[in-house]
Amino acid sequence: MAAPLTLLLIVAVTIRAALFRSSLAELIAERVEVVSPITAWKRVVEGLALLDLGVSPYSGDVFHETPLIIYMFHFLVDYAEITFMVSLNKNIILKHFVVEFRKQKFALEADRYPMDSLELIRSPKEMYYIPLKVAMFYLLNPFTILSCVAKSTCGLNNAVLALFFLSTIKGNVLLSAIFLCLATYQSIYPITLCAPAMLYFMQRQYIPVNFRRVSFWWFIVQYLFMYLGSLFVLICLSFFLLGSWDYLPSVYGFILSVPDLTPNIGLFWYFFAEMFEHFRLFFLCVFQINVFFYTIPLSIKLKEHPVFLMFMQLAVISIFKSYPTVGDVALYLAFLPVWSHLHRFLRNIFLVSCVLLACSVLFPVLWHLWIYAGSANSNFYYAITLLFNVAQILLVSDYFYAFLRREHHLTNGLYLKRKDGSEATLILK
Amino acid sequence: MGLLSDPNRRRALISMLTRLNAPICVVCYFAGVAWFMGLAFEPFTLRTYMSENAMGSTMVEERFPAGERALATGREFAAHKKKVGGMPVDWLVKNMQDRGLEVFTQSFSRTLPFPDENKERYIVKGTNVYGILRAPRAPRTEALVLSAPCSPGDSNNQAVGLLLGLAQYFRNQIYWAKDIIFLVNEHDLIGMQAWLEGYHHTNTTGMSWSPLQGRGGSIQAALSLELSSDVITSLDLVLEGLNGQLPNLDLANLFYAFCQKIGVLCTIQGKLQRNDWDSVSGYSHAVQTMMLMVMKQASGRPWGDHGLFLRYHIEAATIKGVNSFRQYKTDATTIGRLLEGMYRKLNNLLERLHQSYFFYLMPSLSHFVSIGYYMPAFGLLAVILLLRQSSPGVLSVLTPLVISHLTGVALYALPIRFQETAVEHFPVSETEAVVLTAIAIYTAGLALPHNTHRLLSGEGTEQGWRVLKLIAVLYLAVLLGCTALINFSLGFILALTLVPLAAFVTPHVPKVLSAFILVILSPACTLLFSVFFFQELQEMPVSFQDGWLLYLSVISQGILDHSLYGSLVYPLIALLVYPCWLLFWNILFWK
């Protein structure tokens with residue numbers, strides 16, 4: 001396992017190094033699909049320059065990163081490329097470990113199911129190659145390569161999320177809370193990952209998920225205390241680093257109130273560009289609630305499968321956040337091999353992959369036609385954005401369907417029979 | 001989403017598609033071709049109309065008087081040009097200054113990657129001269145451009161003369177709201193590229209030019225004038241620009257409206273409009289005109305000096321004066337009045353031309369076909385590719401993909417790199433070396449399947465070719481779709497030849513016949529046939545020898561265009577279309 005992984009790492013680093021040195025690097029760093037106003041490297045450099053001049057980096061509404069990032073880059077700005085590549089590799093190693101620990105769960109469940117569904121359970125031999133596939137899906141994904149070459153800070157966000165996953169799966173409650181807090185501190189949306197994390201720990205510690213039990217509430221209080229405590233520490237630390245509170249509206253106010261309407265691959269920009277001022281607050285609330293809303297139903301449905309819930313939450317965040325980029329998409333796409341046993345139940349995977357591929361190619365074409373040739377307009381670009389997001393939603397819902405169907409088969413047997421013995425088909429109404 | 005989630009309905013649809021796959025594909029192909037040919041039939045087209053409100057009705061009388069004086073200036077220009085042996089910069093500067101313009105010059109130089117045999121140049125050095133007429137009472141925020149090329153020999157002298165005559169006349173008027181820039185560019189497109197790059201502070205092609213000392217505002221529209229005779233019988237409008245980009249249709253409508261008003265014969269693609277659209281010869285005339293436009297757009301070359309303005313979002317067209325054998329001759333004063341009228345209307349523009357279409361085909365100057373009408377023809381061809389996809393599999397066919405793309409990269413990069421080596425070893429000139437290297441690499445790609453199969457013995461499996469075909473068909477579909485969005489004609493012509501072979505190639509068809517058909521339908525042969533077809537359409541058919549030489553010169557021009565102006569046709573064919581075709585070649589010879 002180590003040798004192919006090392007080879008993969010070397011190939012990935014070579015590709016990125018070659019692209020860093022070529023003339024494509026500036027081109028990629030300007031593409032709106034790859035960088036957003038929150039994650040662009042150009043803005044980090046601007047913030048650093050303002051900091052060196054002694055002015056608050058948040059004046060001028062260009063810089064929207066958190067103070068910790070700016071101080072980190074203050075020391076690492078000359079080694080920026082290496083930093084991004086290191087975070088990338090860390091990402092991979094973490095995912096590698098995450099997957100290894102998932103194997104244990106399957107071993108526990110094998111004896112609970114009827115005989116003919118045993119073929120649905122994966123053997124350890126099949127699962128041997130999953131970490132390598134996850135690594136390959138992440139390292140060689142063109143989205144990740146583009147994101148890394150553009151030096152978007154999305155890579156760092158992904159690294160923190162991967163650390164969060166690792167510490168959750170390993171069972172370390174404190175570290176999990178701290179990394180989740182870091183991820184939330186960077187962009188607000190990972191707060192929804194609290195629910196799957198708590199569910200996972202409760203499952204590990206055999207605390208039943210029951211509203212009337214004291215142990216349930218006690219654990220929630222403990223986790224939230226650690227989480228909120230670290231968040232409080234981080235926010236106060238940021239205050240002391242820069243000496244003022246004006247990072248709060250610049251970072252969190254910016255993410256929540258979406259003032260910058262530069263086109264990206266998300267759903268917010270076009271809608272708010274055409275919105276009348278009177279209704280803006282209402283629709284802003286609607287759109288933001290949309291990101292957080294799916295937590296509760298998904299948690300209720302998937303309370304016994306917190307790891308899948310984490311994947312679904314991550315996907316929902318990547319699709320519906322206010323400034324998504326392809327780096328966010330690549331993060332949850334990298335986890336797809338973990339659920340490769342669901343492939344036999346997926347129904348639309350071919351259509352979805354064709355649409356995603358076609359949309360990725362059409363993004364730069366329609367951007368060129370809109371901005372440079374002047375023959376198209378924003379509607380064309382938004383059409384492709386919509387199609388891209390619809391394809392992503394279809395992908396996520398397809399995996400959800402496949403997961404539920406597999407669970408159904410595990411409890412009811414693989415070959416369903418009607419009462420008279422003929423073969424039955426399962427239809428989702 | 002019943003279709004996506006109901007397995008019974010899905011199964012019925014899929015079984016119908018599998019049973020009737022081949023007939024549906026054939027029907028779609030012929031429907032696409034028939035739709036395309038039907039576009040030229042007049043009842044299916046729309047009459048052109050002026051969309052921009054600001055250029056609506058202005059009942060103004062054009063009063064340009066000085067046609068004869070303009071011709072005399074043109075003769076002076078010719079004499080000075082012959083004396084200096086190039087562009088008479090000092091005479092032009094003095095002349096423009098005398099007429100009250102602010103005159104500036106720009107010098108530029110460029111070494112071509114290999115010598116251009118058509119125009120016989122290798123190291124190009126020149127000077128552009130331009131004069132700015134400042135708008136008397138308006139802020140200097142917008143500009144219009146009138147340009148005439150300084151061509152070697154006897155051509156375009158009258159154009160420069162008329163330009164200077166118009167400059168003097170315009171200088172005395174008070175109604176100008178935009179600055180007018182009168183540009184005389186040397187070495188046609190290269191000079192124009194240098195001027196545009198200097199004006200917009202970009203440097204995309206590696207030319208070295210001196211910065212512009214004087215500037216107007218942002219250019220709203222541009223016209224390029226080509227006039228080589230004292231009297232003309234008709235005016236020809238040239239619209240096709242770099243990478244097949246077309247100006248806004250309103251510019252063509254403006255030209256047509258003024259030709260009607262003043263009473264000058266106007267043509268497009270050199271062909272006069274006919275009234276008998278319901279006869280066979282009338283229809284074939286319209287088809288010829290449209291096919292000429294399709295071929296010119298597909299070539300991706302700018303067909304006049306205006307072609308380079310379009311990339312900067314400036315609507316531009318070239319007006320050519322044609323002197324042929326007709327009774328009624330138009331003199332220079334009338335042409336001057338026509339240009340004066342057009343510029344007065346462009347002067348009224350409040351914003352850039354955007355109301356009318358940017359994507360259209362013109363079977364004649366008064367009729368057009370918009371993108372909504374011609375895209376279904378392409379869609380019918382593309383749907384064949386989507387129908388021919390089979391079930392998905394595992395990605396185990398990386399090797400043919402990688403090797404095809406490496407060959408494509410070789411076809412793109414090697415001809416220019418190895419021209420010196422080729423010239424040392426073979427008795428050919430540099431241009432011939434580049435073109436023949438390109439053809440050699442192209443033909444060498446045909447031998448690939450045999451070589452790769454010898455190298456990798458365990459490659460051939462029954463499933464392998466299906467997966468490769470799936471990937472190749474998807475790749476071709478996405479590629480053709482994106483090409484058709486940017487340059488419809490190129491996308492349609494490529495689709496016409498590549499889609500049938502994509503749909504029907506398998507390792508099980510008769511090898512020799514299919515290999516022959518594959519080669520006939522490959523991009524290089526399509527280009528060869530297009531060259532002959534283009535000459536036929538222009539009613540100047542060539543013999544096979546001349547046609548072959550023309551074909552070689554077309555390839556060298558394509559490579560030069562990419563390196564001089566950033567044309568996308570050569571990289572598209574070498575890096576994307578040719579590897580796709582090689583994948584199908586690989587499938588045919590799959591063991």
> Measuring heavy-atom distances to chain A, does B:Leu474 have an atom under 4.5 Å in its side chain, in its backbone, in both, or in neither?
Replying inline: side chain
> What residues of residues 353-366 of chain A sit under 4.5 Å from chain B when you count only heavy atoms?
Replying inline: A:Cys354, A:Ala358, A:Val361, A:Leu362, A:Val365, A:Leu366
> With a cut-off of 6.0 Å (strictly less than), are more than 12 heavy atoms of other residues, nucleotides or ligands near CZ of A:Phe20?
Replying inline: yes
> Which atom pair, heavy atoms only, marks the closest approach of A:Ser375 to B:Phe359?
Replying inline: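 What the structure gives for the nearest pair is CB-CE1, 3.3 Å.
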